[in-house]
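Fair warning: this is a prediction, and the values are worked out from it, not measured in the lab.
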Amino acid sequence: MAKAATKKKVTTTHPRTGSQFTIAAEIYEPFKAAILQSLKGSKGKTFTELTDNVVSIIKKKMPGFRKSIPWYTISVRLDLESRGIVETFTEKGKKLNRLTQ
């Protein structure tokens, strides 16, 4: 009996708690690209600004996507932070996100 083809998964890590879970690569990769596209050239974006950008990008790239875009945005963003690609900082009392230098 042949095994069903296994879908590729990405293990994400929370930068502060170290907790891990997996996301299908077919979801992770477009979210990663959307976050990087949104933050490229930005001095810093709030989570709301970042999420709004990612929502518009994902709706164009994956029109049939029916899951929570903000949930995947924060999950992938936290993983990118743990990998040293994105950082969170505070400026004038606001928490902002940007690409690391």
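- Within the 4.5 Å cutoff, no side-chain heavy atoms of Ser75 are placed close to those of Thr12.
- Salt-bridge formation is not detected for the pair Glu26/Lys8: no Lys NZ or Arg NE/NH1/NH2 atom is positioned less than 4.0 Å from an Asp or Glu carboxylate oxygen.
- Lys61 NZ: more than 12 foreign heavy atoms inside a 6.0 Å radius.
- Between the CD1 atom in Ile85 and the CZ atom in Arg98 there is a gap of 15.5 Å [rounded to 0.5 Å].
- Between Tyr72 and Tyr28, the closest side-chain pair of non-hydrogen atoms is not below 4.5 Å.
- To the nearest 0.5 Å, the span separating NZ on Lys9 from CD1 on Ile27 amounts to 8.0 Å.
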Show me the donor-acceptor pairs, under 3.5 Å and distance only, between side chains in residues 47-58 and residues at least two apart or in other chains.
from  : atom 1 : to    : atom 2 : distance (Å)
Glu49 : OE1    : Thr46 : N      : 2.9
Glu49 : OE1    : Thr46 : OG1    : 3.4
Thr51 : OG1    : Phe47 : O      : 2.8
Asn53 : OD1    : Ser38 : OG     : 2.8
Asn53 : OD1    : Lys45 : NZ     : 2.5
Ser56 : OG     : Asn53 : O      : 2.8

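- Residue Pro63 comes nearest to Lys60 through the heavy atom pair CD-O, 3.8 Å, listed as atom of the first residue, atom of the second, then distance.
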**Message:** Determine whether Glu91 and Lys43 satisfy the following criterion, salt bridge (charged side-chain N to carboxylate O under 4.0 Å, His left out), listing intermediate values before the conclusion.
**Reply:** CA-CA 11 Å; Glu91 186 176 277; Lys43 292 180 181 174; over 6 Å; no
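- Here Leu36 contributes atom CG and Arg77 contributes atom CZ; the two are 12.0 Å apart, rounded to the nearest 0.5 Å.
- Under a hydrophobic clustering in which Ile, Leu, Val, Met, Phe, Trp and Tyr are joined whenever their side-chain heavy atoms come within less than 4.5 Å, directly or via other members, Ile23 and Ile35 fall into the same cluster.
- Looking at Glu81 and Thr88, their side chains do bring a donor and an acceptor atom within 3.5 Å of each other.
- The one candidate from Asp79, Thr73, Leu80 that meets the side chain to side chain contact (heavy atoms under 4.5 Å, CB included) condition with Val76 is Leu80.
- Here the CD-OG distance, from Gln20 to Ser82, works out to 8.5 Å after rounding to the nearest 0.5 Å.
- Residues Ala25 and Pro30 share a closest heavy-atom pair of O-CD, 4.0 Å.
- Checked against the 6.0 Å centroid threshold, Trp71 and Phe21 count as a close aromatic pair.
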